[in-house]
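In what follows, a structure is listed as C-alpha cells, so that the remarks can point back to it.
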Amino acid sequence: MLFRTLTFTSVALLGAPAVAQMVPIERAATAPANAPVAEPPASPTLPPPVAPTVNVPAPIPLPTISPAQAAFLTTWLQGGADHGLTANAANVAGAPTGETLVRAALDRARALRAGRIDTADFLEVWALRPAFYDPLPGFAAAVAADRLPQWASLLTPRYAGYEGLRRGLVAYEAIRDAGGWAKLTAKSDSASIRARLAVEDKGVTPAMKQVEALQRAQRRYGLNPTGLLDARTLAELNVPIGDRIDTIMANLERWRWMPRDLPVNRVQVNIAAAQLTVFDGDAPIASMRAVTGSPTNQTPMLSSAIHSIVLNPPWNVPSSIAKRELWPKGRAALAREGYKIVGTPETGERIVQPAGPNSALGRLKFDFDNPFAVYLHDTPSRAKFSSFDRLASHGCVRLEKPLPLAELMLKDDPQWAGQVQAAIDTEKTQRVQLPQKVAVYLLYWTAFASANGTMNFRADPYGWDKLLAGKIEAATKRATALQVASKGI
C-alpha cells in the first residue's frame with residue numbers, strides 16, 4: 001500500500017478522529033485545405049424531415065409487493081430514526097400499504113444513497129456532490145427476487161465515520177429523552193461539573209480528577225486542554241442537547257454525499273477541525289495539523305487527486321487577494337516586500353511572489369485539479385499550528401508537516417525517494433509528477449466519533465450546518481406538497 005509506511009506523527013499522538021469520466025466527442029470530417037470550392041447546387045424541394053427513431057426504454061412500473069415484503073418495508077422505514085431520517089409525511093400518513101409504502105421506501109432509499117436535497121440546492125463551494133441515484137430499478141429487481149433486506153443493506157454508507165455518527169445519534173437522542181443535561185455556570189461545584197461531563201463521556205469516572213475530566217472534554221471540542229472551566233469550555237458544555245443532535249444529523253447527511261467506494265489510499269482534510277489525515281482503506285494512519293479557510297475565505301468541499309508536487313513554488317497571487325490586500329500598499333511597498341509585478345497595464349498586470357524562504361507557499365505545493373484554485377502547501381508562518389483556532393487562510397490548506405507527506409507520496413519513485421529535501425535545498429523551482437495520483441478530499445466535519453465511540457464536536461465556522469438543515473426542511477416541504485397535490489388532497 002502506498003501509505004503503509006509512515007514517518008510522521010501518528011493519529012494517536014495527535015488525537016485525530018477514527019475519521020469524471022471523459023466522453024470522446026466525434027470530430028466532423030473536414031475537406032483538405034487545398035480542395036477546390038464547388039458552387040453550391042440549386043436547392044431541391046425536399047420532403048419534411050423525418051424524426052429519427054430513438055429506442056427509449058419503457059418506464060419501470062412500481063412493483064407489487066407481497067404482505068411479507070410490506071411488513072419488512074414497514075419495519076425498515078420505522079428504523080430510519082437511527083439515521084436521522086423519517087419517512088415523508090405524505091407517504092406514511094395512516095398505515096401505508098401498497099403503492100404508498102413503495103413510494104415511501106423509494107424516498108428512503110434516495111435519502112440514504114444520495115442525501116435529502118437536490119444538487120441544485122448546493123452552494124457552489126459544496127462541490128462534493130452525490131452521484132445521481134434512481135432507486136426504482138434496484139428496488140424492482142429486489143422485489144422480484146424477494147431480496148429486499150439485501151437491497152436495503154447496501155444503501156447505507158459503509159464507513160466507520162458514518163457508523164460512528166449513527167451510533168452517536170442514538171446515544172444523544174437517549175440523553176435528550178432522559179432530560180438532557182444541566183446548565184453549568186462559572187460557580188458550579190465539582191460534583192455538578194463531573195456529573196455534566198459524565199453524561200457525554202462514559203470514560204469520566206468518579207475517581208478521575210476534575211482537571212483530567214475537563215481536559216477530555218476540551219479535546220473533544222477542539223479546545224486548548226487546560227483543564228480549567230474557562231468561558232469557551234463552559235459555552236461548549238452548555239450547548240443544548242438538541243443542537244448537538246442537529247449537528248450529528250447534518251454530518252450524517254454529508255456522509256451520504258460521499259462515493260460508496262473511496263480510494264484505498266487517500267488524504268482527507270477536515271476543514272472545520274483544520275486537520276489533515278492520511279487513510280489506508282477506512283483506517284486513519286497518520287495525521288497533522290492544518291490551517292484552513294477563514295469564515296470570509298471558505299475552503300470548499302471537494303474531491304480530486306493530487307497529481308504533482310511543486311518544489312520551491314512561486315506564488316501567483318489571486319486577483320481577489322491582490323486587489324483587496326496588496327495593490328493598496330502601492331508598487332514601492334510591494335517591491336520592498338519582494339513581490340514582482342508581471343505584465344503591462346495594457347495587457348493586464350498581476351502580482352507574483354518569487355520562490356524563496358519567505359514565499360507564502362513555503363517550499364512545497366501539492367497540486368490537484370479543481371475550479372477554486374486551492375491546493376495544499378507549506379508555509380513560512382508556523383505559529384498558527386500551535387493554536388487551537390486554525391481557520392485563517394484564504395481558502396487553501398496550509399500543512400504543518402508537508403515534507404514527510406511529500407516523501408511518503410514519492411517513496412515509490414526511484415528518482416525522488418529520499419531526495420525531496422536535497423532538491424528543495426537547490427532552491428530550484430521544479431514540478432514533480434507523482435508515480436500515482438493520490439485522492440484528496442476536503443470535507444466539513446463538525447461532528448465525528450472517536451475509535452471508542454465518544455463524540456467529538458467542532459464549531460460550525462461557516463454556518464453550513466444550519467444552512468443545510470434549512471435546505472433539508474425546505475426540500476422535505478416541497479416533496480410533501482408535490483405528493484399531496486398528486487393525490488388530489
Side-chain angles (χ1 to χ4, degrees), residues 1-16 19 263 265-271 273-280 284-293 299 304-316 338 353-368 374-387 390 392-442:
M1 296 297 181
L2 177 64
F3 289 154
R4 183 65 68 183
T5 303
L6 270 303
T7 59
F8 57 101
T9 307
S10 70
V11 175
L13 290 179
L14 285 181
V19 237
N265 299 313
R266 65 186 184 277
V267 169
Q268 288 184 191
V269 175
N270 183 344
I271 301 167
Q275 187 154 324
L276 177 144
T277 304
V278 179
F279 280 80
D280 182 356
I285 57 174
S287 181
M288 70 176 72
R289 293 182 176 187
V291 174
T292 51
T299 297
S304 187
I306 299 171
H307 51 72
S308 59
I309 303 173
V310 181
L311 312 183
N312 298 307
W315 182 34
N316 295 296
Q353 186 181 40
N358 297 320
S359 168
L361 305 187
R363 296 297 194 175
L364 291 163
K365 172 188 174 188
F366 299 77
D367 262 343
F368 48 91
V374 297
Y375 36 81
L376 314 181
H377 67 89
D378 184 20
T379 176
S381 303
R382 314 299 300 175
K384 203 65 179 173
F385 293 119
S386 63
S387 171
R390 299 193 302 276
S393 80
H394 289 97
C396 289
V397 179
R398 306 174 195 163
L399 302 180
E400 179 187 24
K401 299 180 180 179
L403 181 59
L405 185 62
E407 291 174 336
L408 181 62
M409 292 182 179
L410 293 169
K411 71 180 183 67
D412 293 329
D413 188 323
Q415 179 182 353
W416 287 101
Q419 300 301 313
V420 178
Q421 184 61 62
I424 290 173
D425 292 342
T426 68
E427 300 192 355
K428 176 184 176 182
T429 297
Q430 51 187 319
R431 181 180 294 276
V432 182
Q433 298 294 328
L434 297 186
Q436 66 181 84
K437 294 182 179 180
V438 176
V440 58
Y441 288 82
L442 307 186

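If you're wondering where the values come from, they're calculated on a predicted model, not measured in any experiment.
Residue L399 forms a side-chain contact (heavy atoms from CB on, under 4.5 Å) with just one option from V269, L276, V267, and that option is L276. The side-chain hydrogen bond (donor to acceptor under 3.5 Å, both in side chains) with D367 is formed by just one residue from the set Q433, H307, R431; it is R431. Partner L364 forms a side-chain contact (heavy atoms from CB on, under 4.5 Å) with one of V310, T379, I424 and no other, that one being I424.
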Quiz item: Stepwise, does the side chain to side chain contact (heavy atoms under 4.5 Å, CB included) test hold for V278 with D280?
Solution: CA-CA 7 Å; V278 179; D280 182 356; over 6 Å; no

Practice problem: Could you walk me through whether L376 and F368 pass side chain to side chain contact (heavy atoms under 4.5 Å, CB included), step by step? | Solution: CA-CA 9 Å; L376 314 181; F368 48 91; 3.9 Å; yes

Exercise. Would you sort out whether V438 and F366 count as a side chain to side chain contact (heavy atoms under 4.5 Å, CB included), showing the intermediate values?
Key: CA-CA 10 Å; V438 176; F366 299 77; over 6 Å; no

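Judged by distance alone, the side chain of S308 and the main-chain N or O of V432 form no donor-acceptor pair under 3.5 Å. Here the side chain of S393 pairs a donor or acceptor atom with the backbone of T292 at under 3.5 angstrom. A donor-acceptor pair is defined here as one N or O able to donate and one able to accept, closer than 3.5 Å; such a pair exists between the side chain of D378 and the backbone of R363. Under a 3.5 Å cut-off, the side chain of S386 and the backbone N or O of A383 do form a donor-acceptor pair. Looking only at distances, no side-chain donor or acceptor of R398 sits under 3.5 Å from a matching main-chain atom of V291. Of the possible donor and acceptor atoms, none in the side chain of R289 sits under 3.5 Å from a partner among the backbone N and O of A274. Using modelled atom types, no side-chain atom of N270 and backbone atom of Q275 make a donor-acceptor pair closer than 3.5 Å. At distances below 3.5 Å, not a single donor-acceptor pair connects side-chain atoms of R266 with backbone N or O atoms of F279.
With a 4.5 Å cut-off on side-chain heavy atoms, V397 and V374 do not count as touching. Between I306 and L434 there is a side-chain heavy-atom pair separated by less than 4.5 Å. Side-chain contact check for P263 versus Y441: some heavy-atom pair is nearer than 4.5 Å. Between H377 and C396 there is a side-chain heavy-atom pair separated by less than 4.5 Å. Residues T429 and P314 form a side-chain contact, since some pair of their non-hydrogen atoms from C-beta on lies under 4.5 Å apart. Inter-residue side-chain proximity for M409 and K437 is flagged as unmet; no heavy-atom pair is nearer than 4.5 Å.
The two residues T426 and Q430 make their nearest non-hydrogen contact at OG1-NE2, 4.3 Å. Across all their heavy atoms, W416 and A423 have their closest contact at CZ3-CB, 3.4 Å. Closest heavy-atom contact between P354 and S359: O-CB, 3.8 Å. For the residue pair P380 and A360, the shortest heavy atom distance occurs at CD-O, 3.9 Å. Looking at every heavy atom in both residues, T277 comes nearest to S287 through OG1-OG, 3.8 Å. When all heavy atoms of M288 and L405 are compared, the pair lying nearest together is CE-CB, 4.2 Å.
Rounded to the nearest 0.5 angstrom, E407 CD and D413 CG are separated by 13.0 Å.
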